[in-house]
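Bear in mind that the values here come from a model prediction, so they are computed numbers and not experimental data. Letters go in sequence order (proteins before strands), and every chain restarts at 1. In what follows, every heavy atom counts, from backbone to side chain, and hydrogens, waters and symmetry copies are set aside.
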There are 2 protein chains.
Amino acid sequence: MAESREINIREFLANHHIRPSQQRVAIMEYLLANKTHPTVDQIFEQLSVDIPSLSKTTVYNTLTLFSRHGITLVLTIDPRNLRFDSDTSTHAHFLCEVCGELHDIFLSKEQKEALQLLTRCEHQILDTQLNHKGVCKECRTHARYQV
Amino acid sequence: MAESREINIREFLANHHIRPSQQRVAIMEYLLANKTHPTVDQIFEQLSVDIPSLSKTTVYNTLTLFSRHGITLVLTIDPRNLRFDSDTSTHAHFLCEVCGELHDIFLSKEQKEALQLLTRCEHQILDTQLNHKGVCKECRTHARYQV
DNA sequence: GTGCTTGCAAATCGTTTGCAATAGC
DNA sequence: GCTATTGCAAACGATTTGCAAGCAC
(Lines give C-alpha, C1' and ligand atoms only; values in the text may rest on other atoms or scores of the structure.)
Protein backbone atom coordinates (compact mmCIF):
# COMPACT_ATOMS: atom_id res chain seq x y z
CA MET A 1 0.00 0.00 0.00
CA ALA A 2 2.43 2.59 1.26
CA GLU A 3 4.92 1.37 -1.27
CA SER A 4 2.65 1.69 -4.28
CA ARG A 5 1.57 5.12 -3.09
CA GLU A 6 5.18 6.16 -2.94
CA ILE A 7 5.74 4.90 -6.46
CA ASN A 8 2.74 6.90 -7.62
CA ILE A 9 4.15 10.00 -6.03
CA ARG A 10 7.52 9.41 -7.67
CA GLU A 11 5.79 9.17 -11.02
CA PHE A 12 3.66 12.19 -10.27
CA LEU A 13 6.73 14.30 -9.52
CA ALA A 14 8.61 12.94 -12.53
CA ASN A 15 5.68 13.82 -14.75
CA HIS A 16 6.04 17.38 -13.54
CA HIS A 17 9.78 17.31 -14.32
CA ILE A 18 10.71 17.22 -10.66
CA ARG A 19 13.42 14.79 -9.69
CA PRO A 20 11.81 12.55 -7.06
CA SER A 21 14.30 12.69 -4.21
CA GLN A 22 13.51 10.98 -0.93
CA GLN A 23 12.74 14.35 0.70
CA ARG A 24 10.52 15.58 -2.09
CA VAL A 25 8.52 12.38 -2.17
CA ALA A 26 8.10 12.49 1.61
CA ILE A 27 6.94 16.10 1.57
CA MET A 28 4.43 15.52 -1.23
CA GLU A 29 3.22 12.37 0.49
CA TYR A 30 2.73 14.37 3.68
CA LEU A 31 0.82 17.12 1.90
CA LEU A 32 -1.45 14.63 0.18
CA ALA A 33 -2.14 12.79 3.43
CA ASN A 34 -2.56 15.93 5.56
CA LYS A 35 -4.94 18.35 3.95
CA THR A 36 -4.69 20.62 6.97
CA HIS A 37 -2.76 23.42 5.24
CA PRO A 38 0.35 22.76 7.30
CA THR A 39 3.05 25.32 7.98
CA VAL A 40 6.69 24.67 7.14
CA ASP A 41 7.32 23.96 10.80
CA GLN A 42 4.57 21.38 11.02
CA ILE A 43 5.84 19.56 7.94
CA PHE A 44 9.40 19.74 9.21
CA GLU A 45 8.57 18.48 12.71
CA GLN A 46 6.50 15.57 11.44
CA LEU A 47 8.88 14.38 8.76
CA SER A 48 11.94 14.77 10.98
CA VAL A 49 10.76 11.73 12.88
CA ASP A 50 11.33 9.50 9.85
CA ILE A 51 14.07 11.54 8.21
CA PRO A 52 16.21 12.85 11.07
CA SER A 53 18.66 14.51 8.71
CA LEU A 54 15.91 16.61 7.12
CA SER A 55 16.60 20.32 7.02
CA LYS A 56 14.04 23.08 7.20
CA THR A 57 15.80 24.68 4.25
CA THR A 58 14.93 21.64 2.17
CA VAL A 59 11.29 21.95 3.19
CA TYR A 60 11.32 25.58 2.06
CA ASN A 61 13.16 24.76 -1.17
CA THR A 62 10.81 21.92 -1.98
CA LEU A 63 7.61 23.82 -1.31
CA THR A 64 8.85 26.73 -3.40
CA LEU A 65 9.67 24.28 -6.16
CA PHE A 66 6.27 22.61 -5.93
CA SER A 67 4.43 25.90 -6.10
CA ARG A 68 6.51 27.10 -9.05
CA HIS A 69 5.40 23.92 -10.81
CA GLY A 70 1.79 24.56 -9.82
CA ILE A 71 1.31 21.34 -7.87
CA THR A 72 1.02 23.09 -4.51
CA LEU A 73 -0.63 26.32 -3.40
CA VAL A 74 1.01 28.83 -1.10
CA LEU A 75 -1.73 30.32 1.06
CA THR A 76 -1.18 33.83 2.40
CA ILE A 77 -4.34 34.02 4.50
CA ASP A 78 -2.47 33.59 7.79
CA PRO A 79 -0.22 36.57 8.49
CA ARG A 80 1.85 34.53 10.91
CA ASN A 81 2.97 31.73 8.56
CA LEU A 82 2.76 30.56 5.04
CA ARG A 83 0.42 27.60 4.65
CA PHE A 84 0.65 24.92 1.97
CA ASP A 85 -2.09 23.08 0.16
CA SER A 86 -1.80 20.20 -2.28
CA ASP A 87 -5.44 20.64 -3.28
CA THR A 88 -5.17 22.96 -6.25
CA SER A 89 -8.82 22.68 -7.21
CA THR A 90 -11.14 25.66 -6.83
CA HIS A 91 -12.07 26.24 -3.20
CA ALA A 92 -12.02 28.96 -0.56
CA HIS A 93 -10.43 29.14 2.88
CA PHE A 94 -11.57 30.23 6.31
CA LEU A 95 -9.16 31.19 9.08
CA CYS A 96 -10.60 31.14 12.59
CA GLU A 97 -9.23 34.07 14.57
CA VAL A 98 -10.02 32.30 17.84
CA CYS A 99 -8.46 28.84 17.43
CA GLY A 100 -6.23 29.59 14.44
CA GLU A 101 -7.58 26.62 12.52
CA LEU A 102 -7.63 26.95 8.73
CA HIS A 103 -10.69 25.33 7.17
CA ASP A 104 -11.47 24.50 3.56
CA ILE A 105 -14.63 25.99 2.13
CA PHE A 106 -15.78 23.86 -0.76
CA LEU A 107 -17.97 25.56 -3.32
CA SER A 108 -21.22 24.58 -4.99
CA LYS A 109 -21.45 24.61 -8.77
CA GLU A 110 -23.27 27.92 -8.49
CA GLN A 111 -20.56 29.38 -6.29
CA LYS A 112 -17.82 28.20 -8.61
CA GLU A 113 -19.58 30.01 -11.44
CA ALA A 114 -19.81 33.11 -9.27
CA LEU A 115 -16.08 32.93 -8.59
CA GLN A 116 -15.48 32.48 -12.29
CA LEU A 117 -17.26 35.79 -12.88
CA LEU A 118 -14.89 37.41 -10.38
CA THR A 119 -11.67 36.18 -11.97
CA ARG A 120 -11.78 38.36 -15.02
CA CYS A 121 -9.94 41.65 -15.05
CA GLU A 122 -7.54 43.72 -17.13
CA HIS A 123 -4.53 41.98 -15.62
CA GLN A 124 -3.31 38.46 -16.29
CA ILE A 125 -4.51 36.40 -13.34
CA LEU A 126 -2.44 33.31 -12.54
CA ASP A 127 -3.86 32.55 -9.11
CA THR A 128 -6.96 33.53 -7.16
CA GLN A 129 -7.60 33.04 -3.47
CA LEU A 130 -10.83 33.68 -1.63
CA ASN A 131 -10.05 34.13 2.04
CA HIS A 132 -12.50 34.45 4.90
CA LYS A 133 -11.70 35.24 8.52
CA GLY A 134 -13.90 35.12 11.57
CA VAL A 135 -15.04 32.66 14.20
CA CYS A 136 -15.44 29.04 13.19
CA LYS A 137 -18.48 26.90 13.94
CA GLU A 138 -16.72 24.99 16.71
CA CYS A 139 -15.49 28.10 18.51
CA ARG A 140 -18.92 29.70 18.30
CA THR A 141 -20.86 26.74 19.64
CA HIS A 142 -18.36 25.95 22.36
CA ALA A 143 -18.28 29.64 23.27
CA ARG A 144 -14.58 29.36 23.89
CA TYR A 145 -14.19 33.05 23.30
CA GLN A 146 -15.27 36.25 25.04
CA VAL A 147 -16.58 39.41 23.38
CA MET B 1 -7.91 73.11 3.29
CA ALA B 2 -5.37 70.88 4.95
CA GLU B 3 -6.51 72.23 8.27
CA SER B 4 -10.18 71.43 7.78
CA ARG B 5 -9.26 67.98 6.50
CA GLU B 6 -7.26 67.41 9.64
CA ILE B 7 -10.22 68.50 11.76
CA ASN B 8 -12.43 66.08 9.84
CA ILE B 9 -10.02 63.26 10.52
CA ARG B 10 -9.91 64.15 14.21
CA GLU B 11 -13.69 63.98 14.30
CA PHE B 12 -13.71 60.78 12.31
CA LEU B 13 -11.36 59.11 14.80
CA ALA B 14 -13.25 60.51 17.79
CA ASN B 15 -16.48 59.14 16.35
CA HIS B 16 -14.85 55.74 16.37
CA HIS B 17 -13.78 56.22 19.99
CA ILE B 18 -10.14 56.63 19.05
CA ARG B 19 -8.29 59.46 20.74
CA PRO B 20 -6.99 61.60 17.89
CA SER B 21 -3.31 61.97 18.72
CA GLN B 22 -1.00 63.77 16.31
CA GLN B 23 0.42 60.45 15.08
CA ARG B 24 -2.94 58.78 14.58
CA VAL B 25 -4.31 61.71 12.63
CA ALA B 26 -1.21 61.78 10.46
CA ILE B 27 -1.39 58.04 9.75
CA MET B 28 -5.08 58.14 8.87
CA GLU B 29 -4.49 61.22 6.74
CA TYR B 30 -1.73 59.37 4.92
CA LEU B 31 -3.88 56.30 4.33
CA LEU B 32 -6.74 58.39 2.97
CA ALA B 33 -4.43 60.32 0.66
CA ASN B 34 -2.42 57.28 -0.48
CA LYS B 35 -4.69 54.49 -1.58
CA THR B 36 -1.68 52.45 -2.65
CA HIS B 37 -1.93 49.81 0.10
CA PRO B 38 1.26 50.98 1.76
CA THR B 39 3.43 48.81 3.99
CA VAL B 40 4.35 49.86 7.52
CA ASP B 41 7.76 50.86 6.24
CA GLN B 42 6.36 53.11 3.54
CA ILE B 43 4.05 54.87 5.99
CA PHE B 44 6.87 55.20 8.48
CA GLU B 45 9.40 56.57 5.98
CA GLN B 46 6.98 59.11 4.56
CA LEU B 47 5.63 60.43 7.84
CA SER B 48 9.05 60.53 9.46
CA VAL B 49 9.81 63.55 7.27
CA ASP B 50 7.18 65.63 9.05
CA ILE B 51 7.27 63.85 12.40
CA PRO B 52 10.93 62.98 12.99
CA SER B 53 10.24 61.48 16.40
CA LEU B 54 7.78 58.97 14.93
CA SER B 55 8.44 55.37 15.87
CA LYS B 56 7.71 52.33 13.78
CA THR B 57 6.13 50.79 16.87
CA THR B 58 3.55 53.57 16.85
CA VAL B 59 2.76 52.87 13.22
CA TYR B 60 2.20 49.21 14.08
CA ASN B 61 0.16 50.05 17.18
CA THR B 62 -1.98 52.52 15.28
CA LEU B 63 -2.69 50.28 12.32
CA THR B 64 -3.58 47.41 14.64
CA LEU B 65 -5.90 49.77 16.51
CA PHE B 66 -7.50 51.03 13.30
CA SER B 67 -8.14 47.52 12.04
CA ARG B 68 -9.61 46.43 15.37
CA HIS B 69 -12.04 49.32 15.01
CA GLY B 70 -12.80 48.30 11.44
CA ILE B 71 -11.69 51.55 9.81
CA THR B 72 -8.70 49.99 8.09
CA LEU B 73 -8.14 46.66 6.37
CA VAL B 74 -5.06 44.51 6.88
CA LEU B 75 -4.29 42.84 3.56
CA THR B 76 -2.45 39.52 3.66
CA ILE B 77 -2.09 39.08 -0.09
CA ASP B 78 1.63 39.93 -0.10
CA PRO B 79 3.66 37.29 1.74
CA ARG B 80 6.50 39.77 2.22
CA ASN B 81 4.64 42.49 4.13
CA LEU B 82 1.34 43.41 5.58
CA ARG B 83 -0.45 46.03 3.51
CA PHE B 84 -3.00 48.52 4.78
CA ASP B 85 -6.10 49.90 3.10
CA SER B 86 -8.41 52.65 4.32
CA ASP B 87 -10.98 51.68 1.67
CA THR B 88 -13.17 49.22 3.54
CA SER B 89 -15.78 48.97 0.80
CA THR B 90 -16.18 45.74 -1.18
CA HIS B 91 -13.39 45.30 -3.70
CA ALA B 92 -10.74 42.79 -4.72
CA HIS B 93 -6.95 43.06 -5.01
CA PHE B 94 -4.37 42.08 -7.56
CA LEU B 95 -0.68 41.61 -6.73
CA CYS B 96 1.69 41.75 -9.68
CA GLU B 97 4.41 39.17 -9.23
CA VAL B 98 6.69 41.06 -11.62
CA CYS B 99 6.66 44.62 -10.30
CA GLY B 100 5.17 43.94 -6.86
CA GLU B 101 2.49 46.59 -7.33
CA LEU B 102 -0.81 45.98 -5.52
CA HIS B 103 -3.81 47.09 -7.55
CA ASP B 104 -7.42 47.58 -6.57
CA ILE B 105 -9.98 45.61 -8.52
CA PHE B 106 -13.32 47.37 -8.28
CA LEU B 107 -16.36 45.23 -8.82
CA SER B 108 -19.47 45.67 -10.91
CA LYS B 109 -22.88 45.35 -9.26
CA GLU B 110 -23.10 41.87 -10.75
CA GLN B 111 -19.70 40.91 -9.35
CA LYS B 112 -20.57 42.25 -5.93
CA GLU B 113 -23.65 40.04 -5.96
CA ALA B 114 -21.49 37.09 -6.99
CA LEU B 115 -19.14 37.78 -4.09
CA GLN B 116 -22.14 38.02 -1.79
CA LEU B 117 -23.07 34.49 -2.82
CA LEU B 118 -19.58 33.36 -1.86
CA THR B 119 -19.59 34.86 1.62
CA ARG B 120 -22.04 32.46 3.16
CA CYS B 121 -20.79 29.44 5.03
CA GLU B 122 -21.21 27.54 8.27
CA HIS B 123 -18.69 29.72 10.06
CA GLN B 124 -19.13 33.32 11.18
CA ILE B 125 -17.37 35.43 8.57
CA LEU B 126 -16.07 38.79 9.76
CA ASP B 127 -13.85 39.62 6.81
CA THR B 128 -13.50 38.41 3.23
CA GLN B 129 -10.65 39.09 0.85
CA LEU B 130 -10.52 38.18 -2.82
CA ASN B 131 -6.89 38.10 -3.89
CA HIS B 132 -5.53 37.68 -7.39
CA LYS B 133 -1.90 37.27 -8.37
CA GLY B 134 -0.29 37.31 -11.78
CA VAL B 135 1.17 39.83 -14.22
CA CYS B 136 -0.33 43.30 -14.34
CA LYS B 137 -1.36 45.10 -17.51
CA GLU B 138 1.65 47.40 -17.46
CA CYS B 139 4.18 44.61 -17.02
CA ARG B 140 2.57 42.59 -19.80
CA THR B 141 2.49 45.39 -22.35
CA HIS B 142 5.94 46.66 -21.54
CA ALA B 143 7.23 43.11 -21.66
CA ARG B 144 9.45 43.85 -18.69
CA TYR B 145 9.56 40.20 -17.83
CA GLN B 146 10.93 37.05 -19.40
CA VAL B 147 9.27 33.65 -19.53
C1' DG C 1 32.39 13.61 -13.02
C1' DT C 2 29.14 17.00 -13.53
C1' DG C 3 25.25 19.19 -12.02
C1' DC C 4 21.41 18.98 -9.00
C1' DT C 5 20.05 18.53 -4.22
C1' DT C 6 20.70 18.76 0.56
C1' DG C 7 21.67 20.72 5.07
C1' DC C 8 24.12 23.57 8.16
C1' DA C 9 24.95 28.08 10.00
C1' DA C 10 24.40 32.71 9.66
C1' DA C 11 22.05 36.62 8.05
C1' DT C 12 17.95 39.15 7.11
C1' DC C 13 13.97 41.50 8.06
C1' DG C 14 9.15 42.16 9.37
C1' DT C 15 6.76 42.26 13.56
C1' DT C 16 6.13 42.08 18.66
C1' DT C 17 7.21 43.01 23.43
C1' DG C 18 8.72 45.42 27.79
C1' DC C 19 9.14 49.42 29.77
C1' DA C 20 10.20 54.21 30.88
C1' DA C 21 9.15 58.90 29.22
C1' DT C 22 5.54 61.86 27.45
C1' DA C 23 1.31 63.94 26.05
C1' DG C 24 -3.54 64.97 26.16
C1' DC C 25 -8.02 65.14 28.26
C1' DG D 1 -3.20 64.40 37.80
C1' DC D 2 -4.20 60.37 35.80
C1' DT D 3 -4.37 57.39 32.06
C1' DA D 4 -3.55 56.49 27.36
C1' DT D 5 -0.02 56.90 24.05
C1' DT D 6 4.49 57.06 22.39
C1' DG D 7 9.17 55.54 21.27
C1' DC D 8 13.32 53.19 22.21
C1' DA D 9 15.82 48.97 22.40
C1' DA D 10 15.76 44.34 22.53
C1' DA D 11 13.64 40.06 21.44
C1' DC D 12 11.38 37.06 18.40
C1' DG D 13 10.54 34.21 14.64
C1' DA D 14 9.69 33.19 9.89
C1' DT D 15 12.17 33.02 5.75
C1' DT D 16 16.37 33.53 2.86
C1' DT D 17 21.13 33.11 1.61
C1' DG D 18 25.91 31.23 1.01
C1' DC D 19 28.32 27.53 0.65
C1' DA D 20 30.41 23.00 1.24
C1' DA D 21 29.25 18.12 1.24
C1' DG D 22 26.56 14.43 -0.82
C1' DC D 23 23.87 12.19 -4.21
C1' DA D 24 22.14 10.62 -8.77
C1' DC D 25 22.27 10.10 -13.48
Please give, in whole Å, the distance from [N] [atom2] to [X] [atom1]?
X: Arg80(A); N: dT17(C); atom1: CZ; atom2: C1'; value: 14 Å
X: Ile27(B); N: dT5(D); atom1: CD1; atom2: P; value: 13 Å
X: Gln23(B); N: dA23(C); atom1: CD; atom2: C1'; value: 9 Å
X: Asp41(A); N: dC12(D); atom1: CG; atom2: P; value: 16 Å
X: Leu13(A); N: dA24(D); atom1: CG; atom2: C1'; value: 16 Å
X: Leu47(B); N: dT6(D); atom1: CG; atom2: C1'; value: 15 Å
X: Ile18(B); N: dG24(C); atom1: CD1; atom2: P; value: 17 Å
X: Phe44(A); N: dA14(D); atom1: CZ; atom2: P; value: 12 Å

Picking from [options], which would you name as closest to the side chain of [X]?
X: Asn81(A); options: dA14(D), dC8(C), dG7(D); answer: dA14(D)
X: Tyr60(B); options: dG7(D), dT6(C), dG14(C); answer: dG14(C)
X: Thr57(A); options: dC8(C), dT5(D), dG7(D); answer: dC8(C)
X: Ser55(A); options: dT6(C), dG7(C), dT15(D); answer: dG7(C)
X: Arg19(A); options: dG24(C), dG7(D), dT5(C); answer: dT5(C)
X: Leu82(B); options: dT6(D), dT15(C), dG7(C); answer: dT15(C)

Quiz item: Among side-chain atoms of Asp85(A) and His91(A), is any donor-acceptor pair under 3.5 angstrom?
Solution: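 The answer is yes; a qualifying pair exists.
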Exercise. Check the side chains of His93(A) and Asp104(A) for a donor-acceptor pair under 3.5 angstrom, ignoring hydrogens and angles.
Key: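 Distance-only check passes for Asp104(A) and His93(A).
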[N], OP1 or OP2 - any side-chain N/O from [X] closer than 4.0 Å?
X: Ser53(B); N: dG7(D); value: yes
X: Thr58(A); N: dG7(C); value: yes
X: Arg24(A); N: dT6(C); value: yes

Quiz item: Looking at CG of Leu65(A) and CG of Asn61(A), how far apart are the two atoms once the value is rounded to the nearest 0.5 Å?
Solution: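 Between atom CG of Leu65(A) and atom CG of Asn61(A) there are 8.5 Å.
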Practice problem: Work out which heavy atom in Leu117(A) is nearest to a heavy atom in Gln111(B); give both atom names and the distance. | Solution: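 Between these two residues, the closest heavy atoms are O-NE2, 3.1 Å.
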With a non-hydrogen cut-off below 4.0 angstrom, is [X] in contact with a base, only sugar-phosphate, or nothing?
X: Gln22(B); answer: nothing
X: Thr39(B); answer: nothing
X: Arg83(A); answer: nothing

Self-check item: DNA chain C: 5'-proximal contact among Val40(B) and Pro20(B) (nearest heavy atom)
Solution: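 Whichever sits nearer the 5' end wins; that is Val40(B).
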Practice problem: Name the residue closer to the 5' end of DNA chain C, choosing between Phe84(B) and Leu65(A) according to the nucleotide with the nearest heavy atom. | Solution: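 Residue closer to the 5' terminus by nearest nucleotide: Leu65(A).
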Quiz item: Would one find more than 12 heavy atoms of other residues, nucleotides or ligands at under 6.0 Å from atom CD of Glu113(B)?
Solution: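 Counting other residues, nucleotides and ligands, CD of Glu113(B) exceeds 12 neighbours.
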Exercise. Map Pro79(B) and Leu54(B) onto DNA chain D by nearest heavy atom, then report which one ends up closer to the 5' terminus.
Key: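 Counting from the 5' end, the first nearest nucleotide belongs to Leu54(B).
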Exercise. With DNA chain D as reference, determine whether Lys56(B) or Asn61(A) sits nearer its 5' end, using the nearest nucleotide of each.
Key: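 On the 5' side of the pair lies Lys56(B).
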Quiz item: Does the ring center of His132(A) lie less than 6.0 Å from the ring center of His123(B)?
Solution: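 No, too far apart.
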